[in-house]
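In what follows, a single structure is set out as structure tokens and then discussed.
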Number of protein chains: 2
Amino acid sequence: MEFNEAKAQFIQTWGKLGSEWGINRTMAQVHAILLISPKAMSAEEIMNELSISRGNANMNIRDLINWNLVHKELIPGDRKEYFTAEKDIWEVARRIIKERKKREMEPVLKVINQLKTIEGDQQTAEIKEFSSMINQLDTFVGKMDKSVNLLLNENENKLFSILFKLMS
Amino acid sequence: MEFNEAKAQFIQTWGKLGSEWGINRTMAQVHAILLISPKAMSAEEIMNELSISRGNANMNIRDLINWNLVHKELIPGDRKEYFTAEKDIWEVARRIIKERKKREMEPVLKVINQLKTIEGDQQTAEIKEFSSMINQLDTFVGKMDKSVNLLLNENENKLFSILFKLMS
DNA sequence: TTAAACTTTCAGTAATTATTGAAAGTTTGT
DNA sequence: ACAAACTTTCAATAATTACTGAAAGTTTAA
């Protein structure tokens, strides 16, 4: 397989995966490009590489920075901003998990906690089923939250060795 | 909090969570309704509850069945089809993980494997960086795949007890 | 075999989400 | 203080994704 073909396919695949998981396809593609770039890239280079507009490039780079997956790199004597991606894949995964947990899991936890306070005086079948499901979710999401916190504090080797060892 | 309010908020929250994770909002809402319903529901009831069209209800119910989260239930002497959701939350999570792994992780694994076959004769910085990233991904995704397989075979109690015990 | 009762499909439309590009904003060097 | 070099914003537009509703399809009972 030729390099440019491989590169294009990698960018495509990463973008598709992102969009299937609710992440803007272009953002994922920008991330892909930076992941395989041996050097920091300017917004200019990124927009050319992906054939996207300046505005689009800018916004998606900012988003990646907010996700803590990309950071600015200033080259002395150059007024442009350059960008590089975190290259350690376990670190990438850790940051994505951390961010999604914060953005999506925590609000759900909050709602579930509110929904536990539903009045329990009348006990129709509907209300019983509802309460039971909320309690199940509360327990489950709580455990998940705790597990994810633990996982996030482990390094890759420790993590996988734990997983493999204990489920034999 | 009043029951109907709580119910509405639950359906909303579940729908929002779904859409953030690349799942059709309506599909997630149908799932939410079935999760808290004490009895099997007809397409009719579901479309009324959510104010959606028959076609929409039908398609999303089918999708939920394809995800193995909902199943048909036939009531003797009634020609309508009724639907119920799997109510055990760990089982729900397990099925979602299984399905997403099959649909999204496995294709990515396949692509990564192809991308390993890039010609290595010329060694520009670009090609070296690309190969290194692909190799990292290959290792990581492979380990993840193995871990998920192991996790999917455990029951909830075993799983969390393992996680909690080992990361102390 | 017919028709009622139901389910499925899908072309057209609506809603949502992403992108462009030009104008406004910012920073830096002189 | 100015202007060049750059970044950011955002209203208009495009692209994508989801939904409707009516027609077609299927199943069942008599």
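Numbered from 1 within each chain, the chains take letters A, B, ... in sequence-line order.
For the pair A/Glu45 (side chain) and A/Ser42 (backbone), a donor-acceptor distance under 3.5 Å is present. Checked by atom type and distance alone, the side chain of A/Ser132 never pairs as donor or acceptor with a backbone atom of A/Lys128 at under 3.5 Å. One N or O on the side chain of B/Ser131 and one on the backbone of B/Ile127 form a donor-acceptor pair closer than 3.5 Å.
Side-chain nitrogen and oxygen atoms of B/Asn58 include none within less than 4.0 Å of the OP1 or OP2 phosphate oxygen of C/dT7. Note on A/Asn24: a side-chain N or O is less than 4.0 Å away from OP1 or OP2 of C/dT19. Distances shown here put every side-chain N or O of A/Arg54 at or beyond 4.0 Å from the OP1 or OP2 atom of D/dT8.
One can place CD of B/Glu81 at 14 Å from C1' of D/dG25, the figure rounded to the nearest angstrom. Between A/Met47 atom CE and D/dT8 atom C1' there is a gap of 13 Å when expressed in whole angstrom units. B/Arg25 has its CZ atom 12 Å from the C1' atom of D/dC19, to the nearest Å. Counting to the nearest Å, the C1' atom of D/dT27 and the CG atom of B/Asp78 are 14 Å from each other. In this structure, the CD1 atom of A/Ile61 is 13 Å from the P atom of D/dT9, given to the nearest Å. Look at CD on B/Gln29: it is 12 Å from C1' on D/dA18, rounded to the nearest Å. Between B/Leu50 atom CG and D/dA18 atom P there is a gap of 16 Å when expressed in whole angstrom units. Rounded to whole Å, the distance from CZ on B/Arg62 to C1' on C/dT8 is 8 Å.
Salt bridge present: A/Lys158 and A/Glu154 bring a charged side-chain N and a carboxylate O closer than 4.0 Å. In this structure, A/Glu20 does not pair ionically with B/Arg103, as no charged nitrogen and carboxylate oxygen lie closer than 4.0 Å.
Positionally, the nearest nucleotide of DNA chain D for A/Lys80 lies more toward the 5' end than for the other of A/Lys80 and A/Asn56.
Closest to the side chain of B/Met59, from the set D/dC10, C/dT9, C/dA18, is C/dT9. Closest to the B/Ser53 side chain, of the nucleotides D/dG21, C/dT19, C/dT16, is D/dG21.
No hydrogens or angles were tested; on distance alone, a donor-acceptor pair under 3.5 Å links the side chain of B/Arg79 to the base of D/dT27.
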